[in-house]
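Just below is one structure, and these are the notes that go with it.
So you know, we letter chains A, B, ... as the sequences are listed, proteins then strands, and number each from 1.
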Amino acid sequence: MSNPLAKLREECTRLLEEALNEAYPGTELPSTRFSTPPNPEMGELSSAASFQLARSLRSRPAEIAEKIAEKVSPSSLVESAEAVNGYVNFKADTGSFSKLVLETVEGEDEEYGFLKTSEPERVMVEHTSANPISPLHIGNARNSILGDCLAKLLKKRGHEVAIHFLVNDVGRQVAMTGYGWQLLGKPKPEGRAELWVGTIYAGVNVVNELTRLRKELRQAEERGKVNEIAEYQEEIEDYEKAVVELRNRYADVYDALAEKLPTIEDPVAEIVKLNTAYENNEPEAVKDMREVVGYCLQGFETSLGELDIGFESFDFESDLVWRNAAEEVLEELKATPYVFEDEGALIMDCDRVAVDMGLKERWGLNLEHEIPRLVLVRKDGTTLYTLRDMAYSIWKFGLADRVINVIGSEQRLAQLQLRIALAAMGRLEMGDNQMHYAYELVYLPGVKMSGRLGRYVTMLDVVQRAEKLAYEAVDIRSPHLTKEDKEEIARMVGHGAIKYTLLSVDPQKTVTFDWEKALNFETNSAPYIQYSHARACNILKRAEEKPEPDYGGLTHPKERELLIALASFPETFEGAVTELKPGDITAYANNLADKFNSFYAAVPVLKAETPGLLGARLALVDAVRIVQGNALSLLGIKAPERM
RNA sequence: GGGCCCGUGGCCAAGUUCGGAUAAGGCACCGGACUUCUAAUCCGGAGAACGAGGGUUCAAAUCCCCCCGGGCCCGCCA
């Protein structure tokens, strides 16, 4: 893979060194990076070296820049250098630079820009990992979309990537769902499996809670406790609202649960029993639990499949439990000097591990801050989730050199403690190579989502609404297309809009989900970028011939801007992968669309003045098409040829 | 109480890792452009004490110090 911008920069560096040597013999060129001048008329690359040299040369930056620029001799790629405000600006030779960029893009086509790493690794990306008892919602969507994009970036960089989903299938919540399903007579799902399973889970919870609350309300009434009565009534109202929503979805499911659960003497005990049986790998419990969880996972796969997001592996937490993985980890940890007993529980002294092993310096943590301790085993002897998570990490490193966990930022401390525990066990390299890719949550104005109450805006709802709006837009703008074509375009546009919205915001910032903004199909959105791609395709489709290009003719400022943008794609890609920043790619694609749309309005392609110019502009348009398509593919967004 | 993250025009937001030219963009607002390659577009306008205050520097949104506001975490939950 080649990198035209790097070639231009190397050339400029060489010319700068030569000029500096002539203007100020014996002066070493300071290590400096080139930047892009504020406007295209000033050239393609800009050096601020004069500012750094000002002190040692005892001269004003502007003066130094003048003297250097004067001495720069043109080369095949660089036409001229000019001093402006202390900067030395280099202008590329239009003909040779255009030829270099456009022929490189054309030649490498779908691989252009994807610079390969010299050190390929096996990388595991774990993402989504939502509890298999409620539908995926808009918050999970941010996780899934980020995780999927990271995986795509790493793959294109030449790494071997595996995408995993951890199924949290043990614990009270899942057992509630399994128990509810057994009570219903183990039916097959109706409609959307994840929503159906979510209704069973929330149904069991709501019925149980209502039974409890009503009982406590009666007792409070008997004792005449006014404040308590009001509190219970308020809570009951909340649950009753949830009942209405649940019945709206699956009235028969809720009604059956509401009828059967209260006849059970102690449903909570039954749920605990089922959970224990599952953890003990008892055949009937296993069969039932895996079946219910499987329905929910199928639902996840369907919803995510809509967005072309999938997994290589679903890793079940229960598998870890069954092979006593937590206990093995515990034994290892107990052999270290960092685990102690406190009131019957086993605790790990995370801070001491970090201090003893120099982890705070190593991982850039606050040296003064004491890292909170971590409970490993309850005083009743049962293990906590953390131990299973450690076992899971160790297992992951059997398959990967590097692990990226896409998990909400609220789990920062837990993820740090996990890495510390790995280091404590003598697996420092796992601590080093495991990364918590933290993102902030998605908020919905006016809606408090709650899986327990079955209250959520599901991901599929958002996806379908986006498709519908996109269909309306296509229908208005391109009425001549067939229904199938319109639907296909609507899917590309609707899905793209959602992905772009969630990828373009820095993961560290909270997103307040706004229908209007997410589904805005105008400037600074996926449809805007897709539209520019479709326009490029349309021009190419209408071109009857492709004359030999006269690259030297691409002198219009809009053309120059496009060329430098195209040339910088490989480095944008490289930076985005290194820093794991999908937002760099969304910004790049949007910028390229901006430049192309301006070019489109300002410069005629098919009606170019000469055949040579026509050929050159067609090559430029084709390169935009290719690069825009490559950028969108990294984002998991489809590039339509018309819309 | 402690830790982490965030704070940039009315709203959303890039840039902060690695200090450099007039602080991108978008939404909303105002004014223009479809007999010419698709107007989901383009062109122009107005709008900013970069949370506050100090410091370092030729140069600070960016680095250092202190303070303020918001979110998350500090469970024998996951």
Taking any heavy-atom pair under 4.0 Å as a contact, classify [X]: base, sugar-phosphate, or nothing.
X	answer
A:Val621	nothing
A:Asp342	base
A:Pro372	sugar-phosphate
A:Arg477	base
A:Glu579	base
A:Lys541	nothing
A:Gln173	nothing

Review point. Among A:Val170, A:Val321, A:Asp169, which residue meets the side chain to side chain contact (heavy atoms under 4.5 Å, CB included) test with A:Phe316?
Key: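 Exactly one option meets the side chain to side chain contact (heavy atoms under 4.5 Å, CB included) with A:Phe316, and it is A:Asp169.
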Exercise for review: Would you verify whether the NZ or CZ of A:Arg535 falls within 45 degrees of the ring axis of A:Tyr600 while also being under 6.0 Å from that six-membered ring's centre?
Suggested key: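 Cation-pi check for A:Arg535 and A:Tyr600: passes.
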Tell me: [atom1] of [X] to [atom2] of [N], nearest whole Å?
X	N	atom1	atom2	result
A:Asp506	B:G7	CG	C1'	13 Å
A:Glu370	B:G1	CD	P	18 Å
A:Glu440	B:G70	CD	C1'	11 Å
A:Glu410	B:C4	CD	P	18 Å
A:Asn275	B:C77	CG	P	14 Å

Review point. Under the 3.5 Å rule, do the base of B:A39 and the side chain of A:Asn597 count as making a donor-acceptor pair?
Key: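 Checked by distance alone, the answer is no.
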Across all strands shown, which nucleotide pairs with [N] by Watson-Crick or G-U wobble geometry, both distances under 3.5 Å?
N	result
B:C72	B:G3
B:A52	none
B:C58	B:G20
B:G25	B:C12

Choose from [options] the nucleotide whose nearest atom is closest to any side-chain atom of [X].
X	options	answer
A:Glu522	B:C58, B:A78, B:A40	B:A40
A:Leu413	B:C74, B:A40, B:A14	B:C74
A:Lys379	B:A40, B:C76, B:U36	B:C76
A:Asn524	B:U41, B:G26, B:C42	B:G26
A:Leu384	B:C76, B:A40, B:A21	B:C76

Check your understanding: Does OP1 or OP2 of B:C73 have a side-chain N or O of A:Ser409 closer than 4.0 Å?
Key ->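 For B:C73, OP1/OP2 do not have a side-chain N/O of A:Ser409 under 4.0 Å.
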Exercise for review: Check whether any side-chain nitrogen or oxygen of A:Tyr439 sits under 4.0 Å from OP1 or OP2 of B:C72, and answer yes or no.
Suggested key: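 For B:C72, OP1/OP2 do not have a side-chain N/O of A:Tyr439 under 4.0 Å.
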Exercise for review: Taking the side chain as every heavy atom from C-beta outward, state whether A:Leu592 and A:Leu562 have any atom pair closer than 4.5 Å.
Suggested key: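 A:Leu592 reaches A:Leu562 side chain to side chain.
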Review point. With nearest nucleotides of RNA chain B determined for A:Ser46 and A:Leu441 from heavy-atom distances, which residue corresponds to the more 5′ nucleotide?
Key: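 It is A:Ser46 whose nearest nucleotide is closer to the 5' end.
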**Study point:** Minimum heavy-atom distance A:Phe51-A:Gly86, with the two atoms named
**Key:**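 Heavy atoms only, the tightest pair is CE1-O, 3.7 Å.
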